[in-house]
Amino acid sequence: MKISNIACLFLALSFILLAPFAGLPLQTILLHLAAGTAALVICFGLFMLNAMGGGDAKLIAATAIWTGFSFSLGQYLLISAIAGGILTLCILLMRKFINRDKIKNIAFLYRLSDPAKGIPYGIALAIAGLWVFPLLSITDKF
């Protein structure tokens with residue numbers, strides 16, 4: 001349940017490198033970076049309160065760079081919340097009804113079934129990112 005720093009850096013740096021080729025003016029690029037910074041500050045605060053994982057905070061911030069302060073950011077957050085709720089419900093049901101001894105050979109499910117582990121929210125963030133990415137105005141340029 002780790003989100004790689006390299007993946008988040010790649011996501012953020014790819015926007016910085018591609019935005020000028022998409023014809024975005026410097027002011028717009030800076031606004032996108034401000035959205036990522038705002039998301040990082042808010043999510044870091046949630047991380048400090050143990051309400052969010054550090055990797056999740058970095059991934060949301062890197063994605064917010066791509067959306068900027070737009071409707072797409074709201075869509076991303078809403079879809080990640082819905083997907084995260086469904087994911088959480090499924091994992092909690094699995095933990096309640098599945099006998100862990102019967103899934104020892106399926107490492108991924110065995111880890112997910114451990115009640116001492118958290119919920120891998122990065123899955124929900126990835127689903128939301130993939131859902132919103134084709135809708136971003138910058139993707140129209142490529």
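Start at 1 with the first residue, then count along the sequence.
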Do Ile60 and Leu130 belong to the same hydrophobic cluster, where Ile, Leu, Val, Met, Phe, Trp and Tyr are linked whenever their side-chain heavy atoms lie under 4.5 Å apart, directly or via other members? no

When clusters are formed by joining ILVMFWY residues with side-chain heavy atoms under 4.5 Å apart, either directly or through shared neighbours, do Leu136 and Leu18 land in the same one? yes

Using atom types as modelled, flag every donor-acceptor pair under 3.5 Å from a side chain in residues 71-83 to any protein atom, sequence neighbours excluded.
residue: Ser80; atom: OG; partner: Tyr76; partner atom: O; Å: 3.1
residue: Ser80; atom: OG; partner: Leu77; partner atom: O; Å: 2.9

Approximate separation, where rounding is to 0.5 Å, of Tyr110 OH and Ile98 CD1: 13.5 Å

Is any side-chain heavy atom of Leu24 closer than 4.5 Å to one of Phe15? yes

Euclidean distance, Ile123 CD1 relative to Ile86 CD1, rounded to 0.5 Å: 13.0 Å

Atom CG in Leu89, atom CE in Met94: separation rounded to 0.5 Å? 12.0 Å

Could you go through residues 27-51 and list every donor-acceptor pair under 3.5 Å that involves a side-chain atom there, pairing it with any protein atom two or more places apart or in another chain?
residue: His32; atom: ND1; partner: Ile65; partner atom: O; Å: 2.8
residue: His32; atom: ND1; partner: Trp66; partner atom: O; Å: 3.4
residue: His32; atom: ND1; partner: Gly68; partner atom: N; Å: 3.4
residue: Thr37; atom: OG1; partner: Leu33; partner atom: O; Å: 2.9

From Arg95 atom CZ to Asp114 atom CG, the distance as rounded to the nearest 0.5 Å: 7.0 Å

Considering all heavy atoms, the nearest Ile91-Leu112 contact: CG2-O, 3.7 Å

May I have the step-by-step check of side chain to side chain contact (heavy atoms under 4.5 Å, CB included) for Ile6 and Leu9, ending in yes or no? CA-CA 5 Å; Ile6 292 174; Leu9 279 173; 5.6 Å; no

Please find the pair of heavy atoms, one from Cys8 and one from Ile3, that lie closest to each other, and give the distance. SG-CG2, 3.7 Å

Point-to-point distance, once rounded to the nearest 0.5 Å, from NZ of Lys58 to OG1 of Thr63: 13.0 Å

Nearest-0.5 Å distance, CD1 of residue Ile119 to CG of residue Asp56: 11.0 Å

Linking I/L/V/M/F/W/Y whenever their side-chain heavy atoms sit closer than 4.5 Å, directly or via other members, would Phe69 and Phe133 fall into one cluster? no

Considering all heavy atoms of both residues, which atom of Gly122 and which atom of Leu59 are nearest to each other, and what is their separation? O-CD2, 4.4 Å

When hydrophobic residues are tied together by side-chain contacts of less than 4.5 Å, even through go-betweens, does Ile127 share a cluster with Phe108? yes

